[in-house]
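Right, one structure below, let's go through it.
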There are 2 protein chains.
Amino acid sequence: MTNIRDLAREANVSVTTVSRVLNDHPYVANEKRQTVREAIEKLGYIRNQTAVHLSTGMTKTVGVMLPFVDHPYHAAILQGIAQAAFDASYRFLTWQTNYVETHEQLALDALAQQEIDALIVVSHSLPLSAILSYEQYGPIVFCEHHEDVAAVYIDHYTAFQQGLAHLRQQGHTSIGICLGRPDSTNSLARKHAYQEVVRDEFVYEQTLTIEDGATVARRWMQQKQRPTAILTASDHVAAGLILELRKQGYQVPGDLSVIGFDGSELAEVLAMTTIAIPYATIGRHAFQLTVREDLVARPQIEVPSTFIAGTTVLPHT
Amino acid sequence: MTNIRDLAREANVSVTTVSRVLNDHPYVANEKRQTVREAIEKLGYIRNQTAVHLSTGMTKTVGVMLPFVDHPYHAAILQGIAQAAFDASYRFLTWQTNYVETHEQLALDALAQQEIDALIVVSHSLPLSAILSYEQYGPIVFCEHHEDVAAVYIDHYTAFQQGLAHLRQQGHTSIGICLGRPDSTNSLARKHAYQEVVRDEFVYEQTLTIEDGATVARRWMQQKQRPTAILTASDHVAAGLILELRKQGYQVPGDLSVIGFDGSELAEVLAMTTIAIPYATIGRHAFQLTVREDLVARPQIEVPSTFIAGTTVLPHT
DNA sequence: ATAGGCTATGAAACGCGTTTCACGGCAAGA
DNA sequence: TCTTGCCGTGAAACGCGTTTCATAGCCTAT
């Protein structure tokens with residue numbers, strides 16, 4: 001591998017001058033610039049990025065900590081990050097954690113070890129304080145709302161209020177909800193919105209997948225007291241719920257109205273009533289926060305959710 | 001930032017010894033090892049990975065060139081890569097290219113610039129030869145079949161044969177196919193399988209999305225001569241096709257039998273007949289190839305597809 | 001005429017961990 | 001007793017680009 005010193009020798013200049021040419025620094029005489037360019041051409045020189053990283057103390061790389069790269073909404077956030085990072089000539093490293101704390105730790109270690117300049121936490125299991133203790137090593141941006149933390153988030157409280165309000169307008173009074181991980185920030189906000197307007201609670205927890213949705217359907221069928229509408233925390237759960245009910249001969253929305261969450265293509269395909277979240281936008285903002293000057297002020301960006309009327313809600317009579 | 005020389009001074013040993021402790025090299029007296037450990041503790045030392053990368057000439061990072069991180073099957077391949085890389089203590093950088101050649105080039109540059117040790121090409125626009133000219137800088141593994149190239153792939157020819165055979169067994173003789181990018185290796189293999197058994201051709205090209213599927217539906221409805229069954233190249237296209245037909249009052253599979261491709265959750269949700277591809281497995285194998293000793297021999301791994309019977313095919317009467 | 005300021009250029013230090021090589025000591029095999 | 005060979009240790013080189021600092025010529029403003 002030819003390096004910058006070989007170039008200097010070949011072009012009869014100092015390494016400083018070569019470096020200046022490489023970085024388009026103005027203080028180089030045109031003639032020398034040309035000579036260096038020819039040397040680069042002749043020797044087939046290619047810059048070693050690792051050396052640049054060590055020398056500058058920056059990797060121009062951000063890390064992304066997320067549970068699953070192939071879950072639609074995580075992938076959509078990743079897509080937004082990818083786009084914004086690309087636009088800023090940054091790269092990104094992904095840690096797929098499966099919500100395993102030791103795996104999440106590896107992403108934090110990478111920040112401390114200067115493998116990445118900043119970290120985007122899409123979702124996490126580790127206690128917030130454990131993560132924040134790594135802020136000394138570089139910017140950390142969250143895709144969930146937390147107090148006093150740089151974050152881009154959607155207001156799940158308001159989003160759920162929207163869904164609940166729609167169901168109540170349609171005459172539903174007996175409403176159930178499906179939540180994901182019961183103690184997550186998002187679930188707590190959702191539950192809060194729910195408990196403010198509902199008397200008799202029907203809460204189905206730990207629902208994340210299509211299969212979990214089917215399980216909810218089976219539980220619902222066995223209940224003597226049943227809600228007439230269910231607001232879910234993901235289109236996947238809603239899809240599993242809807243399809244299992246239909247398979248068992250029930251009508252959706254005839255027997256049960258269902259609202260999804262995410263605005264995924266699953267919802268599109270099932271013509272589902274849902275609450276759409278602009279996940280790619282979240283990712284883009286998250287990346288942009290990592291490179292913001294005023295990150296120490298821990299800015300917060302809220303992105304709006306959108307209610308999408310589909311065909312899985314009927315008025316309750 | 002405290003470095004290895006600070007540690008050496010603190011522990012009264014040479015930097016070599018510190019490095020040995022850091023790397024669990026055996027030739028260190030227990031006593032000194034202990035002293036160094038205490039110095040690490042005391043000074044709060046954290047290894048600078050960038051320096052390790054420069055020094056060893058390896059980044060323990062592979063690059064992934066893929067068009068879209070949020071398309072389900074690309075995301076699934078990424079998932080497999082993430083898993084295998086994690087198991088091997090590797091990291092991965094992702095280049096989302098949108099099939100734009102200049103973007104693809106950046107991933108190749110990264111390989112040349114030693115930012116990554118190897119590159120996995122999930123799908124590409126650049127000519128194969130352009131990509132292969134970068135093999136001098138490090139291993140390149142493809143997720144598509146090409147002659148004389150390290151690759152893990154599914155045999156689209158055989159996969160399509162499976163689907164076509166099923167339709168013919170069900171009595172269909174007038175069969176159409178949907179292809180993606182018309183000149184891609186995959187499309188050519190599929191078309192080949194198709195043209196071997198079909199007289200009257202119904203080929204719908206450039207179909208990639210749900211919306212494209214709906215377009216196919218509209219074209220089909222307008223045709224005087226119509227196929228009685230369509231084999232698609234993705235579940236997305238099949239979903240768009242099925243839903244648009246049903247919306248317009250046609251029966252699937254009554255009026256048209258449809259077979260998807262991918263085995264995605266979309267297919268699951270629509271109880272679609274499809275051909276399932278183990279994308280995560282492809283990703284895992286692809287990663288493992290990058291670290292294989294005998295990669296110069298350009299090994300090829302074929303992974304099998306699986307026919308999944310659903311409810312979108314009826315016998316033709 | 002002189003203090004400043006800008007252009008150009010290079011030597012050397014810097015970022016930091018790994019690895020090669022040389023060397024002393026000690027034990028086992030010949 | 002002498003040769004091998006392994007253990008333990010460190011000085012110095014290495015990987016390689018960036019940046020600081022000093023130097024020097026030349027022009028402009030005072």
Side-chain angles (χ1 to χ4, degrees), chain A residues 1-37 39-40 43-61 89 109-117 137-138, chain B residues 1-37 39-40 43-61 89 109-117 137-138:
Chain A
M1 283 288 88
T2 113
N3 64 32
I4 208 177
R5 277 161 241 268
D6 298 331
L7 289 181
R9 204 173 310 123
E10 176 73 23
N12 247 299
V13 295
S14 70
V15 292
T16 314
T17 299
V18 175
S19 178
R20 289 204 181 95
V21 173
L22 254 20
N23 294 294
D24 289 316
H25 188 287
Y27 287 178
V28 179
N30 281 330
E31 196 192 344
K32 298 215 172 182
R33 192 182 298 276
Q34 193 50 38
T35 322
V36 172
R37 292 236 167 92
I40 290 172
L43 303 184
Y45 170 77
I46 299 178
R47 185 92 114 303
N48 181 325
Q49 275 303 130
T50 307
V52 176
H53 293 163
L54 175 61
S55 196
T56 59
M58 289 184 72
T59 56
K60 289 271 194 175
T61 302
S89 300
D109 291 343
L111 184 63
Q113 293 172 165
Q114 301 177 59
E115 238 179 304
I116 49 178
D117 295 341
Y137 302 113
Chain B
M1 281 286 91
T2 113
N3 63 31
I4 208 177
R5 278 161 239 264
D6 297 332
L7 288 181
R9 204 173 310 123
E10 175 74 24
N12 246 299
V13 296
S14 69
V15 293
T16 315
T17 299
V18 175
S19 177
R20 288 203 183 97
V21 173
L22 253 22
N23 294 293
D24 289 316
H25 189 286
Y27 287 179
V28 179
N30 281 329
E31 197 192 344
K32 299 214 173 187
R33 190 181 298 274
Q34 192 51 36
T35 323
V36 172
R37 293 235 166 93
I40 290 173
L43 303 185
Y45 170 77
I46 298 177
R47 190 98 99 310
N48 181 324
Q49 276 302 131
T50 307
V52 177
H53 293 162
L54 175 61
S55 197
T56 59
M58 289 183 73
T59 56
K60 288 271 191 176
T61 302
S89 300
D109 291 342
L111 183 63
Q113 294 172 163
Q114 301 176 61
E115 239 179 303
I116 50 178
D117 295 341
Y137 302 113

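First the proteins, then the strands, lettered A, B, ... as listed; each starts at 1.
Rounded to whole Å, the distance from CE on B/M58 to C1' on C/dG17 is 15 Å. If you measure from atom OH of A/Y27 to atom P of D/dT20, you get 14 Å, rounded to the nearest angstrom. The nearest whole Å value for the distance from the CZ atom in A/R9 to the P atom in D/dC16 is 12 Å. Nucleotide C/dT7 holds its P atom 17 Å from the NZ atom of A/K32, rounded to whole Å. B/I46 places its CD1 atom 13 Å from the P atom of C/dC16, with the value rounded to the nearest Å. A/H53 places its NE2 atom 17 Å from the C1' atom of C/dG17, with the value rounded to the nearest Å. In this structure, A/L54 atom CG and D/dT19 atom P are separated by 12 Å, rounded to whole Å. Between A/I4 atom CD1 and D/dT18 atom C1' there is a gap of 8 Å when expressed in whole angstrom units.
Phosphate proximity of D/dG17 to A/Y45: present, with a side-chain N or O under 4.0 Å from OP1 or OP2.
In the set D/dG10, D/dT18, D/dC16, D/dC16 carries the atom at the smallest distance from any side-chain atom of A/M1. With D/dT19, C/dG15, C/dT9 as the candidates, the nucleotide lying closest to the side chain of A/S55 is C/dG15.
Using a 4.5 Å heavy-atom cutoff, the side chains of A/V18 and A/Y45 are not in contact. In this structure, the side chains of A/E115 and B/H53 come closer than 4.5 Å at one or more pairs of heavy atoms.
In this structure, B/M1 places its CE atom where only 12 or fewer heavy-atom neighbours from other residues, nucleotides or ligands lie under 6.0 Å away.
For the atom pair B/T17 OG1 and B/H25 NE2, the distance stands at 10.5 Å (nearest 0.5 Å).
Where A/V28 and A/R5 each meet DNA chain C at their nearest nucleotide, the meeting point lying more 5' is that of A/V28. Mapping B/T16 and A/N3 onto DNA chain D via the closest heavy atom, the residue that lands nearer the 5' end is B/T16.
Each of A/I40, A/V36, A/V52 was scored for a side-chain contact (heavy atoms from CB on, under 4.5 Å) with A/L22, with one residue passing: A/I40. Residue B/V15 is tested with B/I4, B/D6, B/L7, B/N3 for a side-chain contact (heavy atoms from CB on, under 4.5 Å); the sole match is B/I4.
Side-chain N or O atoms of A/T50 include none that pairs as donor or acceptor with a backbone N or O of B/T59 at under 3.5 Å.
DNA chain D lies under 4.0 Å from at least one heavy atom of each of the following residues of residues 17-24 of chain A: A/S19, A/N23.
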